[in-house]
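First up is the structure itself, then whatever we jot down about it.
None of these values were measured; they are calculated from a predicted model.
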Amino acid sequence: MNFQENLFKLERELKLRNYSFQTIKVYKTCVKYFLEKTKKEVNKISKDEIIDFLLFLQDKKKAPKTINLYKESIKFFFNEVLKSNLNLGIHFSKEAKKLPIVLTKNEILEIIKNIKNKKHKFIISLAYGAGLRVSEIINLRVWDFDLENLTIHIKWWKWAKDRITIFPEGLKKDIVKLSELKNWDELLYESQN
């Protein structure tokens with residue numbers, strides 16, 4: 001089987017399992033780079049050669065997260081696509097545990113208080129108050145809000161699953177004002193300013 005056929009089979013298997021477009025792209029990129037580096041037929045690649053490749057990435061000062069991504073992509077390719085008998089129980093690249101930087105409630109309120117643009121202030125307040133991602137905020141439509149129950153229906157968010165979240169009652173008037181002149185299926189924000 002040639003190089004492109006292998007990548008096609010990988011993509012097909014990932015699509016069958018409903019992996020995201022981005023994940024498919026990353027897995028294909030990782031496997032392609034690995035196959036280009038080894039320059040061997042896939043049925044002649046050994047576990048040691050995979051380990052050597054991962055060590056090569058480590059020597060190139062790649063981040064542990066990147067090395068693990070390559071490892072998982074290659075492992076998926078051999079185990080799930082090629083149905084290989086290679087035992088790929090490879091443990092590699094322990095990632096450093098870092099505590100996230102988290103602002104206090106007062107620091108966030110201070111930031112919001114100092115935003116001059118009313119629309120931006122509302123967007124940041126809603127994102128913080130409802131725990132929304134940027135991609136979720138920009139895709140909000142009038143119909144997503146249940147003003148009576150103070151909830152927002154987030155559609156097709158991460159991993160293609162809907163979710164319901166609450167928003168602070170203090171933002172209800174702003175939401176009503178923003179949506180009163182719009183049709184129920186319109187975006188809540190349409191301009192860039």
Side-chain angles (χ1 to χ4, degrees), residues 14 17-30 54 57-76 90-193:
L14 290 164
R17 296 177 188 220
N18 205 25
Y19 279 63
S20 73
F21 170 79
Q22 190 60 34
T23 302
I24 293 170
K25 185 178 169 186
V26 170
Y27 270 46
K28 279 180 67 180
T29 301
C30 291
L54 297 173
L57 294 176
Q58 194 176 53
D59 290 343
K60 290 279 186 190
K61 305 287 187 232
K62 297 290 182 189
K65 195 171 188 173
T66 302
I67 296 170
N68 279 328
L69 186 56
Y70 272 93
K71 179 193 77 171
E72 291 306 315
S73 303
I74 293 165
K75 195 163 123 181
F76 181 90
I90 301 169
H91 301 287
F92 210 86
S93 268
K94 196 171 188 177
E95 292 181 39
K97 301 284 183 199
K98 294 180 184 175
L99 289 174
I101 297 171
V102 180
L103 298 174
T104 66
K105 181 179 177 181
N106 289 337
E107 288 171 327
I108 291 169
L109 294 175
E110 189 64 28
I111 290 168
I112 292 170
K113 187 176 93 175
N114 288 304
I115 298 172
K116 303 291 183 231
N117 182 304
K118 286 183 181 180
K119 183 177 173 183
H120 295 167
K121 182 180 264 191
F122 172 74
I123 290 170
I124 299 297
S125 299
L126 183 60
Y128 172 66
L132 301 177
R133 298 173 176 85
V134 173
S135 61
E136 293 170 338
I137 287 279
I138 63 173
N139 289 309
L140 284 175
R141 295 186 181 273
V142 174
W143 66 26
D144 294 327
F145 292 89
D146 178 346
L147 298 173
E148 187 178 317
N149 294 310
L150 301 176
T151 60
I152 307 170
H153 185 176
I154 307 298
K155 294 174 183 69
W156 298 104
W157 71 293
K158 196 173 183 183
W159 300 298
K161 295 177 187 172
D162 289 5
R163 71 181 174 110
I164 303 288
T165 186
I166 58 172
F167 65 87
E169 190 166 9
L171 297 176
K172 185 175 178 178
K173 285 181 185 174
D174 293 319
I175 294 168
V176 169
K177 190 175 178 183
L178 270 170
S179 59
E180 64 188 356
L181 298 175
K182 294 182 179 282
N183 291 326
W184 64 282
D185 62 340
E186 285 186 71
L187 289 170
L188 200 60
Y189 314 102
E190 297 202 27
S191 70
Q192 297 296 319
N193 52 7

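- Residue Lys121 holds its NZ atom at 9.0 Å from NZ of Lys113, rounded to the nearest 0.5 Å.
- Interatomic distance, Tyr128 OH to Leu171 CG, rounded to the nearest 0.5 Å: 12.0 Å.
- Put simply, OG on Ser73 and CD1 on Ile24 are 12.0 Å apart, with the number rounded to the nearest 0.5 Å.
- Atom-to-atom distance recorded for Thr23:OG1 and Glu72:CD is 12.5 Å, nearest 0.5 angstrom.
- Among residues two or more places apart in sequence or in another chain, the side chain to side chain contact (heavy atoms under 4.5 Å, CB included) test is passed with Leu150 by Phe167, Glu169, Lys172.
- Annotation: Lys182, atom NZ; neighbour count of heavy atoms from other residues, nucleotides and ligands within 6.0 Å is above 12.
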> Could you go step by step and tell me if Asn114 and Glu110 meet the side chain to side chain donor-acceptor pair (under 3.5 Å) rule?
Replying inline: CA-CA 6 Å; Asn114 288 304; Glu110 189 64 28; 3.3 Å; yes
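- Annotation: side chain to side chain contact (heavy atoms under 4.5 Å, CB included) contacts of Glu148 (sequence neighbours excluded): Asp146.
- Taking the six-membered ring where the residue is Trp, Trp184 and Trp143 present tilted rings, their angle falling between 30° and 60°.
- In terms of heavy atoms, Asn139 sits closest to Asp144 at O-OD2, 4.0 Å.
- How far OG of Ser179 is from CG of Leu187: 13.0 Å, rounded to the nearest 0.5 Å.
- Atom OG1 of residue Thr165 and atom CD1 of residue Ile152 lie 6.0 Å apart, to the nearest 0.5 angstrom.
- Here the side chains of Thr151 and Phe145 are not in contact, with every heavy-atom distance at 4.5 Å or above.
- Every residue meeting the side chain to side chain contact (heavy atoms under 4.5 Å, CB included) condition with Leu178, not counting sequence neighbours, appears here in chain and number order: Phe122, Leu188, Tyr189.
- The minimum heavy-atom distance between Arg141 and Asp185, with the atom names listed, is NH1-O, 2.7 Å.
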>> side chain to side chain contact (heavy atoms under 4.5 Å, CB included), that's the test. Do Leu132 and Leu140 meet it? Break it down for me.
In response: CA-CA 10 Å; Leu132 301 177; Leu140 284 175; 4.1 Å; yes
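- Around atom CD1 of Ile166, no more than 12 heavy atoms belonging to other residues, nucleotides or ligands sit under 6.0 Å away.
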